[in-house]
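Worksheet for the structure shown next.
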Amino acid sequence: MADKVKVAILGGGGIMGAHMQGFPKVKDHCELVAVAESNPGRDEAIRKMVGPDVRIVRDYHEALAIPEVQAVDILLPHNLHMPATIAAARAGKHVLVEKVMGRNVWECDRMIEACEKAGVTLTICHDRRYNGEWMTLKDIVESGVLGDVFFWKLDHNQDVVLPPTSWAHWKDGIGGGCIMSCLTHQIDGLRWYAGEVDAVTCLSATRPERMQGEFAGILAAKLKSGALAELSINWWTRSHHGANCLWYEMVQACGTRGEAYRMSGRGTFVRLHEADTAAIKRYGPAVKDGFVKVEGGEWGGHERCIREWVAMLRGEPARITTSGRDCRGTVEVAEAAYRSVDTGRTVKLPIRPRKWKSVGMPESLQGIAAAKTNYHVDVGSRKSS
Ligand SMILES: NC(=O)c1ccc[n+]([C@@H]2O[C@H](COP(=O)([O-])OP(=O)(O)OC[C@H]3O[C@@H](n4cnc5c(N)ncnc54)[C@H](O)[C@@H]3O)[C@@H](O)[C@H]2O)c1
């Protein structure tokens, strides 16, 4: 690949700001050539982020037609992840897709198929896997100091209202509701930390004034290792804002010899029931009396993901942990959760892929997102809001 990888961003909405924390850091290895954004109302904000020399085009197909573009970073609504990936692969561009990969496993399979057929890479920006604090928890778990980890608890809190003018209001746009959209952060983290899920049971709640799909959900999972996991999402809470707040996201791992957690705004902590000399050397003597903070480096998830992606495209050593093939499994767990809600039963994996069945979405929103969403973007305790 040429010295500087030439990239186009497809979709210049809210999450572009997080990706633009990454691109300037790799400017010696990567050149942003174009941004495709259908809403001209975003032009000013995009210009501020990219400067005067980057082309802004109106539709993602226009960016795919630019011959020098070698790779695309897809930040489009979820209903466009599959068609844009397939179109990009056919145009010979490498693909990075912002989470969530697709609306169901059937779509993920089509994305994988198209990229493999075209001989281009498919990477998913599941940013938590690249976040310093989440990576620190991964290192603690992998070190084995917690013993046999038998219980996981992961949750996600936000206050999200999605009006009917937003693609994300609609099941067809978002791929269901908050579980597919954002509990997939927790599902993906769980799979990365603890291995594959064997079976899930799920309950969810809807409030049509907030969005068409579920705004809250509780998922109980049994892992192939035998461990249990409890995951929850609540998109109607301000628990993480203001004085004496709780948290935006939390992961807890509980093992036979110790436990560890990562909490937004605080960092990553470990506690061992009986710390041996090596553990004390590593974490300090307090590790057997209470939780000790373990520092995890500066980088936020999106910026590190972009750094690794660009390195991979240049053929340099890169720590890419989120291939399309891997992240398909995250969508599969979320889809299994929906099947559990629908049937009132525990669903065992793997599930049989089914084509997306439309329940209806305004035509004007099928290719273009009109309204702003107000998702929180977790950048770790370094800069979290
Ligand atoms: N990792 C995180 O914490 C996080 C947070 C927020 C959003 N996201 C993800 O980012 C992605 C985008 O979400 P968002 O919040 O930025 O949504 P958004 O609606 O703000 O941005 C999507 C943009 O795509 C544009 N668009 C739609 N159709 C287009 C087309 N045909 N051609 C060109 N542009 C088109 C829209 O005008 C819109 O500006 C989603 O996958 C979402 O899940 C991730």
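The structure displayed is predicted, hence computed values, not measured ones. Just so you know, these numbers use all the heavy atoms, side chains as well, and skip hydrogens, waters and symmetry mates. As the structure lists them, so they are numbered: ligands from 1, and atoms in each ligand from 1. Along the sequence shown, residues carry numbers from 1.
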Ligand 1 contact by Leu75, heavy-atom criterion under 4.0 angstrom: yes
Ligand 1 contacted by Arg58 (non-hydrogen, < 4.0 Å): yes
Short N or O distance, Trp167 and ligand 1, threshold 3.5 Å exclusive: yes
Contact (N/O only, under 3.5 Å) between Ile15 and ligand 1: yes
I'd like the name of whichever of [options] reaches closest to [atom] through any heavy atom.
atom: atom 34 (N) of ligand 1; options: Ser38, Ala18, Gly12; result: Ser38
atom: atom 43 (O) of ligand 1; options: Glu249, His81, His78, Glu98; result: His78
atom: atom 41 (O) of ligand 1; options: Lys99, His61, Met180, His19; result: Lys99
atom: atom 39 (O) of ligand 1; options: His185, Glu37, Arg42; result: Glu37

[Y]/[X] salt bridge by N-O under 4.0 Å criterion:
X: Glu303; Y: Arg307; answer: no
X: Glu133; Y: Arg262; answer: yes
X: Asp326; Y: Arg129; answer: yes
X: Glu332; Y: Arg328; answer: yes

Geometric class of the Trp309/Phe23 ring pair [parallel <30°, tilted 30-60°, perpendicular >60°]: perpendicular
Near [X], which atoms of ligand 1 are under 4.0 Å from a heavy atom of that residue?
X: Gly11; value: 24 (O)
X: Arg128; value: 1 (N), 2 (C), 3 (O)
X: Leu80; value: 28 (N)
X: His302; value: 1 (N), 2 (C)
X: Asp127; value: 1 (N), 2 (C)
X: Ala36; value: 33 (C), 34 (N)
X: Pro77; value: 22 (C), 24 (O), 27 (C)
X: Gly13; value: 16 (O), 20 (O), 21 (O), 23 (C), 39 (O)

Donor-acceptor contact present, side-chain His81 to main-chain Leu76, <3.5 Å: yes
Step-by-step salt bridge (charged side-chain N to carboxylate O under 4.0 Å, His left out) determination, Lys6 to Glu68: CA-CA 7 Å; Lys6 295 199 167 44; Glu68 70 257 38; over 6 Å; no
Near-ring test Tyr248/His156, centroid separation under 6.0 angstrom: yes
N/O donor to acceptor pairs below 3.5 angstrom from side-chain atoms of residues 273-281, sequence neighbours left out:
residue	atom	partner	partner atom	Å
Asp276	OD1	Ala278	N	3.3
Asp276	OD1	Ala279	N	2.8

Which residues share a salt bridge (Lys or Arg N to Asp or Glu O under 4.0 Å) with Arg103, sequence neighbours left out: Glu107
